[in-house]
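Okay, structure first, notes after.
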Amino acid sequence: MAINKEFESAKNWYINNYKEFSAGLNGLSKSFFTPLRENAIKDLGKLGFPTTKNEEWRYTNISPLLKNNFIPAAASREISLHFEDIKNKLFTGFEHHLLVFINGIFSEELSSVSNIPSGVIVDSFGKLLRNNPEVIEKYIDNFNNVQTAFDALNTAYTTDGLVVIVPDGKVIDKPVQALYLNGDDENNVLISPRNLVIVGKNSHASVVTVYEPGAEQKYFTNITTNIFVDENGNLDLYKIQNESEDSYHIEKVDAVQNKQSVFSHYNILFGGGLVRNDINTAMNDEFIETNYYGLYLGNNKQHIDNHTFVDHAMPNCVSNELYKGILDDKAHGVFNGKIMVRKDAQKTNAYQSNKTVLLSKEATIDTKPQLEIFADDVKCSHGATIGHLDDEAYFYIRSRGIPAELAKSILIRAFANDVVEKIKIDGLKEQINHLIFEHLHRIEI
Amino acid sequence: MIKIKDLKAEIEGKQILNGLNLEVNPGEVHAIMGPNGSGKSTLANVLAGNEGYEVTGGNVTFFGKDLLEMAPEDRAREGLFLAFQYPIEIPGVSNSTFLKTAINEIRKYKGEPEITAKEFLQLMREKSEILGMTDSLINRSVNTGFSGGEKKRNEIFQLLMMNPKLALLDETDSGLDIDALKIVSKGVNEFRSNDNAVIVVTHYQRLLNYIVPDFVHVLYKGRIIKSGTKELALELEEKGYDWVTNGELQETAV
């Protein structure tokens, strides 16, 4: 019962803080979004935070997160930084539009978006709510979907986030990079980015979201990302999560795809003390392709949980999922990959693979493929492996004069390679390779 | 160069080498032949330091040093090279990065300066030409997606690049067609000199038409039971292994 009490008191903390928070919303308070916030607070009261008795949260105990009374980051608190301060947090080596968010709040002076094709929107959620709320209100059905306490928390407390809207037949010439710099030197803060990416018919976009720590204090990043890819549209969404090990990081991605569209999600995870991702895609029509690529690298006591869901509701769709992890020290990984093939979804091709390498005896992974198939003419496969670095390969490399530690690095590179290779932006790929070794404290090869 | 005395080794508790003796001097090529399961690959792996095998007796000196005490990487740095029967694929690491790393680690061990980019490129060109390898093969990830023949050729390419003192070829001929066999043999013959030595482990005599040995040994039940010159290989080819393994056991050679 002690646990329930803790969960109740955390819930009440966030409910009780809402009044003060909403009073500080100022210009944001008049938009269509405010009633959604108020509903979300009511939902939070009804839903409550999930305990490990909830099957979806069986391996992830959030009580360490709930013990902290995080203060919702308010739009009013300004942290001023110079470009020099954030430069080394960015991914470079490729041209990009840049949006910077400090504790979830857009920083106009650090951002640079230029030469956007007419009609395309690459902007801040908060700014649009203030100045042109109708631009996002159109997509209200895409983001008014509160199902869990974390959704509710995000909806109630969000002040800002990334908005990319590409109308029909448009292409953004270069990737959009959104840098989220999180943490406050004075308070333990709750940061609630709200991202919306809409790709129109025959349009194409590439978005890179980067989550980095900006302060020593503990913080909690709770993100909601809504995706819509219309007919023949193509979206690559990269997430690079490199938060501090004192941070909590939860994100829910809800994607909806229309006919013949392609959505690829690249989920590269380095940081965070407790990390949970829920990535859901609904295939609304035929000939849709969904790709989920994941790479999670954990050390010390990191806890990294990935829950993915592909909902094959219609025939002739393809989903590919490849999640790989390398866990060292006492790191704990969780993978739950659900594939639903509904009755009408004939000729579905669905592939799923989860492979984890454990570098230490105390590292652990709980992996659970979950296939529910109600159609009879489908091709589905799934597999999960857990192992150590390959002994024969280790010997092969050492037999060429390469020392043991460097041989391990080569094997790590080789293991991560098929996920890293999927990254379509070369400059990004190189830096990811570099971060793998940096994060695992290994010699780089 | 290498002196193997009464070597005994096992894998997963099963005794494979049963007191093997062999001495190889610079400039020599020795062929180790024998039926399946006689211990040929075990010998190659034990000498290279594969930790999957346990040495239970005997000793091996390599240029006077105790080889069995050394880590696999130190054996390579001292000049021993094993061409694997089943070369390993290393996706994401190019052949050139891999070889440059290997060469520099060996140089570091010997207190020599690192190879310059220019020297390395020149060496790559020179050695790949011998084996008729294209640039694309060299720039690809180590053995990744290579055919069986390409993998074997890549082992010989590594041999030429690393230029060791002693080359152990573990069934390098297995799975090769005649053209690939000729290319691989050309590479090995190019490697041969008065300063180095080769131990060829093979099931078939065929390879020895191209890599002509100075000595041929028959391995059976973990021991060398007969030794001779290249003619012994031809005789084996003609008469089969039964000829030496049946009733000839009393004549144990060496």
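None of these values were measured; they are calculated from a predicted model. By convention in this document, chain letters (A, B, ...) are assigned in the order of the sequence lines, proteins followed by strands, and residues within each chain are numbered from 1. Note that these values count all heavy atoms, side chains included, but never hydrogens, waters or copies made by symmetry.
Within a 6.0 Å radius of OH in B:Y86, other residues, nucleotides and ligands contribute 12 heavy atoms or fewer. Heavy atoms of other residues, nucleotides or ligands lying less than 6.0 angstrom from NZ of A:K89 number more than 12. No more than 12 heavy atoms of other residues, nucleotides or ligands lie within 6.0 Å of CD in A:E95, so this atom counts as exposed by the packing criterion. Within 6.0 Å of NZ in B:K108 there are 12 or fewer heavy atoms belonging to other residues, nucleotides or ligands. Enclosure of atom CD in A:E430 is not indicated, since only 12 or fewer non-hydrogen atoms of other residues, nucleotides or ligands lie within 6.0 angstrom. Heavy-atom neighbours of A:K355 NZ from other residues, nucleotides or ligands within 6.0 Å: at or below the threshold of 12. Counting heavy atoms of neighbouring residues, nucleotides and ligands inside a 6.0 Å radius, atom NZ of A:K424 exceeds 12 of them. The environment of A:K338 atom NZ is dense: over 12 non-hydrogen atoms of other residues, nucleotides or ligands sit within 6.0 angstrom.
Taking all atoms of both residues into account, the shortest heavy-atom contact from A:R413 to B:V93 is CG-CG2, 3.6 Å. For the pair B:I106 and A:G401, the tightest heavy-atom approach, listed with the atom from each and the gap, is CG1-CA, 4.3 Å. Considering all non-hydrogen atoms of both residues, B:G92 and A:N417 come closest at CA-OD1, 3.1 Å. In terms of heavy-atom proximity, A:I402 sits nearest to B:A102 at CG1-CA, 3.9 Å. Among all heavy-atom pairs drawn from B:A76 and A:S399, the shortest one is CB-O, 3.3 Å.
For chain B, no part of A:A416 is nearby; none of its heavy atoms comes within less than 4.5 Å. Heavy atoms closer than 4.5 Å to chain A are found in both the backbone and the side chain of B:N45. Heavy atoms of A:I397 lying under 4.5 Å from chain B belong to its backbone as well as its side chain. If you measure heavy-atom distances from A:I445 to chain B, the contacts under 4.5 Å come from the side chain alone. Looking at B:Q158, only its side chain comes within 4.5 Å of chain A, counting heavy atoms on both sides. No part of B:P164 comes within reach of chain A, as not one of its non-hydrogen atoms sits under 4.5 angstrom from that chain. Using a 4.5 Å cut-off between heavy atoms, B:Y109 makes no contact with chain A at all. Of the two parts of A:E392, the backbone and the side chain both hold a non-hydrogen atom closer than 4.5 Å to a non-hydrogen atom of chain B.
Residue with the most contacts toward chain A among B:S141, B:A48, B:A71: B:A48 (heavy-atom pairs, distance under 4.5 Å). Ranking A:D390, A:D391, A:D418, A:I410 against chain B, the residue ahead of the rest is A:I410, based on heavy-atom pairs under 4.5 Å. With chain A as partner, the option from B:E78, B:E51, B:M162, B:E105 having the largest number of non-hydrogen pairs under 4.5 angstrom is B:E105.
To the nearest 0.5 Å, the span separating CZ on A:R400 from CG on B:L159 amounts to 8.5 Å.
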- Query: B:I88 and A:F395: side chain to side chain contact (heavy atoms under 4.5 Å, CB included), yes or no, with the steps?
  - Reply: CA-CA 10 Å; B:I88 305 289; A:F395 169 56; over 6 Å; no
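The aromatic rings of A:Y396 and B:F84 sit perpendicular to each other, their planes meeting at more than 60°, with 30° as the lower class boundary.
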